[in-house]
**Student:** 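Shown below is the structure under consideration.
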Amino acid sequence: MTTDVQKLLKQLIAMPGLSGHEAPVRKAIHEAWVPLADEITVSRLGSLHALRRGNTQWGASGLRPSVLLSAHMDAIGMMVTGIVDGFLRFTSIGGLDPRVLPGQLVTVHGRSDLPGIIVQPPAQLLPAGSSEGAAPLTHLLIDTGLLPAEVSRKVQVGDVVSYAQAPIEMTGDLLVGHSVDNRASVAVVTHCLNLLQTRTHVWDVLAVASTQEEVTLGGAMTSAFGLNPTLSVVIDVTFASSPGSPAHKTFPLAKGPTLGWGPNVHPGLFKAFKELADRQEIPYSLEVMPRHSGTDAYAIQVVAAGIPTMVIGIPLRYMHTPVEMVAMKDILRAGRLLAEFIAGLPADFADSLAFDD
Amino acid sequence: MKSLIKKLVEVTAPSGYETPLREVVRAEVEPLADQISVDALGNLIAKKNPAGEGGLKIMLSAHMDEIGVIATHVDENGFVRFTTIGGVRPHTCLGGRVRFLNGVGGVIGSDRLEDAAKVPGFEQLFIDVGASSRKDCPVKVGDIAGFERPFSEMGSRLVSKAMDDRIGVVVLIETLRQLKQTPHQVFFVFSTQEEVGLRGATTAAYGLDPDLGIAVDVTATGDTPKGSKMEVKLGAGPAIKVRDGGMLSDPRVVNWMVSAARSAKLPYQLEVLEGGTTDARAMQLTRAGIPAGCVSIPCRYIHSPSEMVDLADVQNAVRLLLALLAVPVTLE
Amino acid sequence: MKEQKKSDTQTPRVGAEQIRLLEKLCNASGVSGDEGEVRKIVLSEVRPLADEVKVDALGNVLAVRHARAGSGPHLRVMLDAHMDEVGFMLVKDEGEGIFRFDSVGGVEVRYLVGKPVSIGKEHTPGVIGAKPIHLAEKNELKSSLSLDALRIDTGLTSKAKLGDRATFVTPFSRLGPSLRGKALDDRVGVATLIELLRNAPENVELLCAFAVQEEIGGRGARVAAYGFQPDLAIALDVTPARDLPAWDGSENTIYNTRLGAGPAIYAADGSTLADPRLLRYLVQVAESRSIPYQIRQPGSGGTDAGPIHLTRSGVPSISVSVPGRYIHTPVGIVRLEDWQNTLALVHAALVSLPADIFSVDR
């Protein structure tokens with residue numbers, strides 16, 4: 001089972017699926033989820049919805065309560081804004097650090113997929129004074145190696161560009177590549193669904209691979225509205241400690257997922273997850289989020305009349321670069337935690353989520 | 001069309017106070033639509049029923065509001081301090097004229113600055129309405145004004161304040177006027193408060209819950225001296241928005257628009273706008289999600305009192321919308 | 001069916017009982033996302049006054065008092081006040097009782113150093129200490145301290161832990177015509193809303209939302225409005241009064257509101273362009289009853305009216321606030337008469353609310 005999830009993740013991070021253009025990765029996730037769900041649909045904004053019905057006897061009137069597991073499948077990338085002498089000007093989709101870009105291998109998704117490199121022109125060809133400091137995105141170009149006439153035939157304004165970094169497996173069961181944010185969480189959800197194959201659970205499970213988190217949180221927001229779940233758990237990557245990163249905002253790699261705590265998280269849900277993790281001896285860190293979680297949970301929590309929401313974090317090094325690094329152990333632990341949570345949910349759990357007083 | 005454009009751009013109707021413009025638009029569309037309504041945020045909604053089957057529920061949105069200013073304080077000498085409604089920049093205010101909704105005119109002046117080379121901030125600007133004391137000032141805190149600049153033609157280029165988005169409003173009116181038959185149920189929404197956060201379109205989209213949403217708004221160009229590196233230019237046709245600062249158009253909607261433009265042999269451009277957004281974003285994020293896109297009118301000097309569009313682009317935008325609405329939609 | 005209250009044409013007053021309730025509310029801890037203590041007080045106050053009370057998925061208290069007069073349909077009026085206050089969260093335990101912390105909501109950082117705080121459910125005391133002036137370098141004294149440089153010290157053996165919330169500690173007190181305390185924003189609104197519920201007008205469906213998480217984006221109000229589906233909404237908040245003298249003696253043009261000038265009615269702020277029909281109506285009510293009022297200076301800032309007016313197909317909305325000095329700092333000040341006049345204005349507006357107020361388009 002471990003190798004299945006790792007194999008899936010490796011496959012997912014090797015393919016494009018930029019915000020708003022998730023079709024390739026959605027197809028792959030769809031294939032992986034077909035044996036794990038009862039019904040699969042696609043939302044109007046392209047999110048993948050997989051329903052796994054509760055498999056116990058349901059004698060009560062009304063529908064089964066449902067828990068929405070949300071992991072965004074879109075990734076950051078770039079988009080062509082102009083063509084000059086065969087070179088491509090581009091802008092970002094989602095949050096990119098331009099300093100990471102020069103020398104990166106990319107794929108330009110034009111009429112066909114074209115390999116390219118991101119280059120920084122010599123200082124003499126740029127506006128005066130720009131040799132100091134980082135080159136802004138607008139100064140960078142993509143060189144496909146093709147002649148201008150061919151480029152004009154194959155590429156147009158609006159074409160998307162993804163990283164071409166191949167996945168790297170490293171010792172200690174670490175996986176490196178682009179789009180690990182947030183395909184790692186899709187792997188978590190997949191592992192959870194895998195484990196539920198041999199468990200009984202009262203609640204319906206709605207697994208959602210959401211779109212456009214990196215730009216508008218639009219996929220999760222609209223999916224939650226359409227699916228109207230009883231409660232929701234969002235899985236997203238969080239910052240793992242790495243050189244130069246502030247200790248109070250990062251978490252150790254391979255020491256377990258994080259449990260979110262703050263206004264974006266329902267305290268009753270946090271408590272349930274914490275107690276479960278303690279019982280199951282799944283290591284975790286407490287992730288304090290004073291204002292918002294920076295995840296789809298921010299949108300989901302305030303959909304319609306409000307949805308109790310929980311955030312699980314998967315520590316990730318070098319977020320939003322093509323060499324994001326995640327520990328498979330953390331993915332498996334998080335998947336197991338989710339499966340145990342779902343399997344243990346009594347029918348009336350939502351009633352018990354009353355606030356403190 | 002030019003006289004309609006002139007009529008609309010010269011109305012003063014900043015965000016939140018669109019009524020004067022809505023009356024003008026209403027008079028134009030009432031005889032053309034099957035049903036007219038005004039909702040809680042002042043959006044004007046004109047419905048056109050479908051002829052035949054196989055259509056979708058389509059929402060078209062162009063915003064009636066323009067950027068403006070609002071009085072924050074009247075000082076003891078009758079000068080009016082103000083803040084902005086929507087994306088106004090101090091550069092475009094200096095020496096400008098405004099018209100308050102109560103009819104009072106004013107001139108924008110500035111405190112004397114230590115460094116004359118710097119652009120003043122809004123707290124250093126004021127409006128002079130010709131009063132000499134707080135008591136005789138015809139303006140009070142909370143009063144609203146729009147910029148004042150007459151409509152002008154330069155060949156095929158049309159210039160005025162509030163082309164953003166009166167030109168989109170005109171495109172919708174003309175589309176409705178020329179629409180013979182459509183298989184779709186089309187809602188022409190003349191929205192409010194776009195400039196302060198797409199507010200009208202947000203609630204209108206929720207109320208209508210369409211299958212597809214198309215905004216008609218202006219977009220910037222890259223064709224002025226040492227301008228931004230953007231491919232869109234004036235006169236090269238309506239722009240089909242791929243993305244802007246607030247949303248990514250549904251690629252299926254973009255393909256549909258490109259196919260329609262090609263089939264109808266209309267000029268078009270592909271648009272990637274780095275800053276700014278439109279009602280399309282609001283529609284996209286409504287309820288369970290709505291595939292959305294935008295037909296943009298290229299416009300120079302956006303959010304200045306002299307916004308410039310090309311008449312041919314405007315006419316081709318109408319043709320493009322008619323081509324889109326004439327036949328059933330296939331999104332792929 | 002609740003018993004009929006006294007005639008609703010009598011203006012509710014702010015008396016000793018109301019001030020005592022405000023004191024209890026202000027002294028309670030309720031940082032955005034952790035409003036439990038305040039919620040408990042609100043629930044015990046509103047349960048005897050409302051026909052229906054519930055706590056929703058985000059922790060909002062939603063209290064409904066049905067119309068009593070005449071046959072329907074009655075206007076569904078949503079009144080909103082937020083229970084949360086700006087405060088802090090402990091984000092890292094650095095040992096020996098010292099914690100790094102972050103702000104929740106827009107706290108005025110310059111006001112933090114050298115202040116006591118109250119931590120967690122146990123109200124564990126802590127302090128935001130400062131280097132003694134004797135040990136500081138001359139140039140250090142020139143720059144203000146950033147949040148990053150500050151720490152909360154909870155003593156050597158306290159119960160404070162990672163994730164706890166902390167609030168300012170300023171005991172509530174009366175200073176002549178003024179009231180002083182922490183969290184006047186928006187416990188004054190909460191107290192006002194309780195009084196309005198106590199003196200509920202008979203002619204409207206009164207939908208009261210005691211909202212959570214306003215200070216971090218109007219989160220509670222948004223879902224409360226979705227649930228209520230009101231015909232109109234009034235947000236009751238506290239807005240800054242920056243009516244201090246200018247250094248050079250020139251006219252203060254950026255006061256926002258002034259203490260003593262009455263309830264502040266909003267024409268526009270960063271989150272909402274008030275519905276002009278409601279704005280006209282409130283001004284007319286104030287003038288006809290000789291209730292002093294001011295128009296809050298248009299500008300940035302927002303209230304719960306922001307998210308409320310954009311729910312579903314839109315809700316005509318407006319904000320009415322009590323002016324307060326130094327809000328979002330450890331110590332705020334409001335005038336008793338402004339509070340009284342705000343209560344009077346909103347009550348009068350509800351009582352004479354015409355059923356056809358929206359017969360004319362916005």
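These figures come from a predicted structure and were not determined experimentally. Letters A, B, ... are given to chains in the order of the sequence lines, protein chains preceding strands, and every chain is numbered from 1.
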**Student:** What part of A:Ile93 gets within 4.5 angstrom of chain B, counting heavy atoms only: side chain, backbone, both, or neither?
**Tutor:** both
**Student:** Check B:Ala288 against A:Gly226 and note the closest heavy-atom contact, atom names and distance.
**Tutor:** CB-CA, 3.9 Å
**Student:** Crowded around B:Lys57 NZ? As in, over 12 foreign heavy atoms under 6.0 Å?
**Tutor:** yes
**Student:** Report yes if some heavy atom in the side chain of A:Ile83 is under 4.5 Å from a heavy atom in the side chain of B:Glu231; otherwise report no.
**Tutor:** no
**Student:** Indicate yes or no: at least one non-hydrogen side-chain atom of B:Glu274 is less than 4.5 angstrom from one of A:Thr81.
**Tutor:** yes
**Student:** Does any backbone or side-chain atom of B:Ser228 lie under 4.5 Å from a heavy atom of chain A? Answer side chain, backbone, both or neither.
**Tutor:** neither
**Student:** OG1/A:Thr91 to CE/B:Met230 distance, rounded to the nearest 0.5 angstrom?
**Tutor:** 11.0 Å
**Student:** Which bit of A:Val80 comes within less than 4.5 Å of chain B, counting heavy atoms only: side chain, backbone, both or neither?
**Tutor:** backbone
**Student:** Please check if atom CG in B:Leu331 has more than 12 non-hydrogen atoms from other residues, nucleotides or ligands closer than 6.0 Å.
**Tutor:** yes
**Student:** Do the side chain of A:Arg44 and the main chain of B:Gly289 share a donor and acceptor less than 3.5 angstrom apart?
**Tutor:** yes
**Student:** Would you say CZ of A:Arg99 has more than 12 non-hydrogen atoms from neighbouring residues, nucleotides or ligands within 6.0 angstrom?
**Tutor:** no
**Student:** Please state whether the side chain, the backbone, both or neither of A:Thr138 comes within less than 4.5 Å of a heavy atom of chain B.
**Tutor:** neither
**Student:** How about A:Gln212 and B:Gln284: do any of their side-chain heavy atoms sit closer than 4.5 Å?
**Tutor:** yes
**Student:** Going from CG on B:Leu285 to CG on A:Leu45, what distance comes out if it is rounded to the nearest 0.5 angstrom?
**Tutor:** 7.0 Å
**Student:** Given the options B:Leu248, B:Asp250, B:Ile240, which has more heavy-atom pairs under 4.5 Å with chain A than any of the others?
**Tutor:** B:Leu248
**Student:** May I ask you to test the B:Arg287-A:Thr222 pair for a side-chain heavy-atom distance under 4.5 Å?
**Tutor:** no
